[in-house]
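The structure appears right after this line, and notes come after that.
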Amino acid sequence: MTKIYQSFSELIGNTPLLELHNYRRSRALGARIVAKIEYFNPAGSVKDRIAWGLVRQAEDEGRLRQGDLIVDVTSGNTGIGLAAVAASRGYRTKFYLSDNISRDKVKLLRHFGAEIVTVQNEFFLDPEALDKISARIREENPTAFFTDQLSNPANPQTHFETTGPEIWRDTDGAVDIFVAGVGTGGTISGAGRFLKSQKADLKVVIAEPAAESLPTEDDPYPDEIDGVHKVSEVSPEQLPRNFDTTIADEIIALSTADARATAHALAAEEGIFAGTSSGAVLWAATQLAARPENAGKVIVAILPDTGERYLSTSTEQTQ
């Protein structure tokens, strides 16, 4: 009976690493690309990690009791993770999300019993949007527990304690380059900080959307890379406070079309059906793997979630 788990939280983490042999071979890449497949978490994404980290910290501090309401702003995956953790521990959830979030994510949130408040995507063009939405959440939910994933240090600390050590352990310390995107900044900051503490010359690389994939006043609903944010040439107030601006050694920009094409290639060549953000990270890893100076190196790429969360988008349906 020792292999029977006793709680939802015990299923989080220890996701597998998979070396992408077929993908590498078809492109004659010199470096090895190893994918950390985060959709193996129980609610289906890397955000399950911080969902449990945020809730666990609040419980340890006596800030959550049975039946309490948990609130936050989310692009979907953190909300889904929080809603699942909350359901398993007797809490209620309410989330504020942009109205461009995939219908699949919205359905999942509702399936876990979450209340949803939609916010127009153009609102987030305001340089002070993050502070304003945080203030609104607190004002409208004065008795709720605001997990504050963008600023709560438990977010990157969870990745420092889990994601980073798992990569180090499972590669036997052979990882040379770590690649991820930035949503809240927790994964790249926490895992990147841990890995650099173990190997001083390890490189941390960020995949970010190019200009054509970003919302503007003229086009507030472009074809975006869901959950992946631009961090270069961005004012400090527009960056999540959990993002360590000193962590990255390089930032690689790409279009949504490149991210989506790479995600399709991953499915066709390796049987891994990952989301568009995963495609973005893998595209950046591919550029690194093609460089002569990286021949023989090990590149670990975070694949945040599954492509099943984006099947309802019009672009996905036509491909």
Original post:
Going through the checks in order, is the side chain to side chain donor-acceptor pair (under 3.5 Å) test met by D223 and T256?
Top reply: CA-CA 7 Å; D223 185 17; T256 305; 4.9 Å; no
Determine whether a donor-acceptor pair (N or O, by modelled atom type, separation under 3.5 Å) exists between the side chain of [X] and the backbone of [Y].
X    : Y    : value
H229 : G183 : yes
D99  : N121 : yes
N152 : T147 : yes
T78  : T74  : no
D176 : V298 : yes
K36  : T15  : yes
S189 : G186 : no
R24  : A31  : yes
S151 : D148 : no
N22  : E269 : yes

**OP:** Evaluate the criterion side chain to side chain donor-acceptor pair (under 3.5 Å) for residue pair Y23 and T286; output intermediate values, then yes/no.
**Re:** CA-CA 9 Å; Y23 184 89; T286 305; 2.7 Å; yes
Answer whether the closest heavy-atom distance between the side chains of [X] and [Y] falls below 4.5 Å.
X    : Y    : result
V34  : L20  : no
K105 : D305 : yes
N141 : R138 : no
T163 : I302 : yes
L69  : F145 : no
Q149 : L54  : yes
I206 : V231 : yes
K199 : W168 : yes

Connected via hydrophobic side-chain network under 4.5 Å: [X] and [Y]:
X    : Y    : result
I137 : F123 : yes
L11  : L303 : no
L282 : Y39  : yes
L29  : L18  : yes
V300 : V205 : no

Subject >> With V204, the side-chain contact (heavy atoms from CB on, under 4.5 Å) member among V179, T246, I247 >> reply: I247
Charged N to carboxylate O under 4.0 angstrom, [X] versus [Y]?
X    : Y    : answer
E166 : R49  : yes
K196 : D249 : yes
D226 : R309 : no
R25  : E19  : no
D68  : R89  : no

Original post:
Does E61 CD have over 12 foreign heavy atoms under 6.0 Å away?
Top reply: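 Enclosed: over 12 neighbouring heavy atoms sit under 6.0 Å from CD of E61.
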Original post:
Is the number of heavy atoms from other residues, nucleotides or ligands under 6.0 Å of E293 CD greater than 12?
Top reply: yes
Rounded to the nearest 0.5 Å, what separation is found between the [atom1] atom of [X] and the [atom2] atom of [Y]?
X    : Y    : atom1 : atom2 : answer
L254 : T262 : CG    : OG1   : 7.5 Å
I50  : R56  : CD1   : CZ    : 12.0 Å
S45  : K47  : OG    : NZ    : 7.5 Å
L239 : D244 : CG    : CG    : 11.0 Å
N100 : S75  : CG    : OG    : 9.0 Å
F178 : K203 : CZ    : NZ    : 15.5 Å

Original post:
Within 45° of the six-membered ring axis of F112 and under 6.0 Å from that ring's centre, is NZ or CZ of R110 located there?
Top reply: no
Original post:
For F160, is the NZ or CZ atom of R193 found under 6.0 angstrom from the centre of its six-membered ring and inside 45 degrees of the ring axis?
Top reply: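 Yes.
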**OP:** Could you check V55 against I70 for side chain to side chain contact (heavy atoms under 4.5 Å, CB included), going step by step and ending with a plain yes or no?
**Re:** CA-CA 9 Å; V55 169; I70 292 172; 4.1 Å; yes
If only side-chain N and O atoms count, and only distance matters, is there a donor-acceptor pair under 3.5 Å linking [Y] with [X]?
X    : Y    : answer
E208 : S232 : yes
S134 : D131 : no
Q6   : E10  : no

Original post:
At their closest point, which heavy atom of L130 faces which heavy atom of Q238, and how far apart are they?
Top reply: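 Distance-wise, the nearest heavy atoms are CD1-O, 3.6 Å.
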**OP:** Test side chain to side chain donor-acceptor pair (under 3.5 Å) on T184 and N155 and set out the steps.
**Re:** CA-CA 8 Å; T184 65; N155 175 348; 2.8 Å; yes
**OP:** Show your reasoning for whether side chain to side chain contact (heavy atoms under 4.5 Å, CB included) applies to T306 and Y310.
**Re:** CA-CA 8 Å; T306 170; Y310 309 93; over 6 Å; no
**OP:** Quick one: do E250 and R291 satisfy salt bridge (charged side-chain N to carboxylate O under 4.0 Å, His left out)? Show the steps, please.
**Re:** CA-CA 14 Å; E250 184 176 353; R291 296 177 185 174; 2.6 Å; yes
